[in-house]
Structure formats: C-alpha cells, structure tokens
Amino acid sequence: MSSYDPHQELYSISEPAIAIQDVLKWVYLWMGLGLLVTFGVATLVAGSPQTQMALFSGPWLWVALIGQLILVVVLSAALTKLTPGVAALMFLIYSALMGVTLSSIFLAYAQESIALAFLSSAALFGAMTVVGFTTQMDLTRMGTYLFM
C-alpha cells in the first residue's frame, strides 16, 4: 500500500510552476515600489529638521514602530481575506512607516552610503522585475541564489 504525498501533484504538473512565476514577478515589482516609498519618505523626513524634532522628541516614533507591527500582524493574519486594493494600501502604508522609522539612519550615516545602499537594492529589484516579466524560463530552481 502506497502512502499519499500531497505535494506529488505539485511535482507532476507544470502549471503551478507557471503560476508561481507569475506571482514572483509581481512580488519583485511590489517590493521595488515599497522600497521607493520607504526611501522617499525617509528622505523627506530626514530633510526636514522640524519633522525630525517632532518625530524623535515625542511619542511619534513609537506610534510608527507599533503601527508597523500592527500592520504586519494584520497583513499576515488576514492576507487571504483582504481585497487586493486594501492589501496594497496597507503595504504602502507599511512602507511609508518604515521610511519614517528608517529616517534616523540619515543622522548616523553619510548620505552617499545610504544612496549607494538604496541604488544597489533598487537595481536588484528592478533587474529581477525585468527578468520576471520578460523571461519564460523557470527560475524556481535558482531559488537559493536569488534569495541572497
């Protein structure tokens, strides 16, 4: 008597690989967009001494940090139940809050270092988005390398 392997269907049908590839190309696009929002908000906050003073001297930094945690928990718990528009909006709000909290790195590091880190990350997400949208090759076998 053979045992049932629930994953056997995934290995024997090529259709799920195509669906995964379609999802991954949109993931890279959305992560790139989130990166742009985070960097933009961080730059705006860091460029305004009044905003920095209000953020770092009052409770607003804690509000942003706790807000991020709440959004992560809600998104994780209800992702399959949310409409795509609401999930996208929550992701963009999360990206903006991340920009608020990460704006403090502008106080500790040189702007050239921050720009280089942003540009290298943006280039990676941009390249992966282009590859995902233009190639028909199954990239899942390169998962370990692409994860890095």
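Just so you know, these numbers come straight off a predicted model, no measurement behind them. Excluded from the calculations below are hydrogen atoms, water molecules and symmetry mates; all remaining heavy atoms, backbone and side chain alike, are included.
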With a 4.5 Å cut-off on side-chain heavy atoms, are Ile114 and Phe39 touching?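 They are in contact (side-chain heavy atoms under 4.5 Å apart), so the answer is yes.
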
For residues Leu92 and Leu33, determine if any side-chain heavy atom of one lies less than 4.5 Å from a side-chain heavy atom of the other.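 A side-chain contact under 4.5 Å exists here.
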
Minimum heavy-atom separation for [X] and [Y], please, with both atom names.
X	Y	answer
Leu36	Phe118	CD2-CZ, 3.5 Å
Gly67	Leu97	C-CD1, 4.0 Å
Ala64	Val100	CB-CG1, 4.0 Å

In Å, rounded to the nearest 0.5 Å, how long is the span from CG of Leu71 to CD1 of Ile66?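 These two atoms lie 12.5 Å from each other.
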
Atom CD1 in Ile70, atom CE in Met90: separation rounded to 0.5 Å?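 Atom-to-atom, Ile70:CD1 and Met90:CE are 10.0 Å apart.
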
Determine whether [X] and [Y] fall in the same hydrophobic cluster, where Ile, Leu, Val, Met, Phe, Trp and Tyr are linked whenever their side-chain heavy atoms lie under 4.5 Å apart.
X	Y	value
Tyr109	Leu44	no
Leu124	Leu116	no
Val130	Leu119	no

Check step by step if side chain to side chain contact (heavy atoms under 4.5 Å, CB included) holds for Gln52 and Leu107. CA-CA 10 Å; Gln52 286 180 2; Leu107 303 174; 3.6 Å; yes

Thr38 (side chain) donor-acceptor with Ser95 (main chain) under 3.5 angstrom: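 Confirmed, Thr38 side chain pairs with Ser95 backbone.
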
Between Ser120 (side chain) and Ala117 (backbone), is there a donor-acceptor pair under 3.5 Å?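 Flag set: sc Ser120 to bb Ala117 pair under 3.5 Å.
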
List the steps and the verdict of side chain to side chain contact (heavy atoms under 4.5 Å, CB included) for Val41 and Ser103. CA-CA 8 Å; Val41 170; Ser103 66; over 6 Å; no

Pairs flagged by ring pair (Phe, Tyr, Trp, His ring centres under 6.0 Å) wherever residues 47-100 is involved - sequence neighbours left out: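 Every candidate ring pair (Phe, Tyr, Trp, His ring centres under 6.0 Å) pair involving residues 47-100 fails, so no pair, neighbours aside, qualifies.
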
Regarding Gln68 and Thr101, is there a side-chain donor-to-acceptor distance under 3.5 Å anywhere?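 On atom types as modelled, these side chains qualify, holding a pair under 3.5 Å.
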
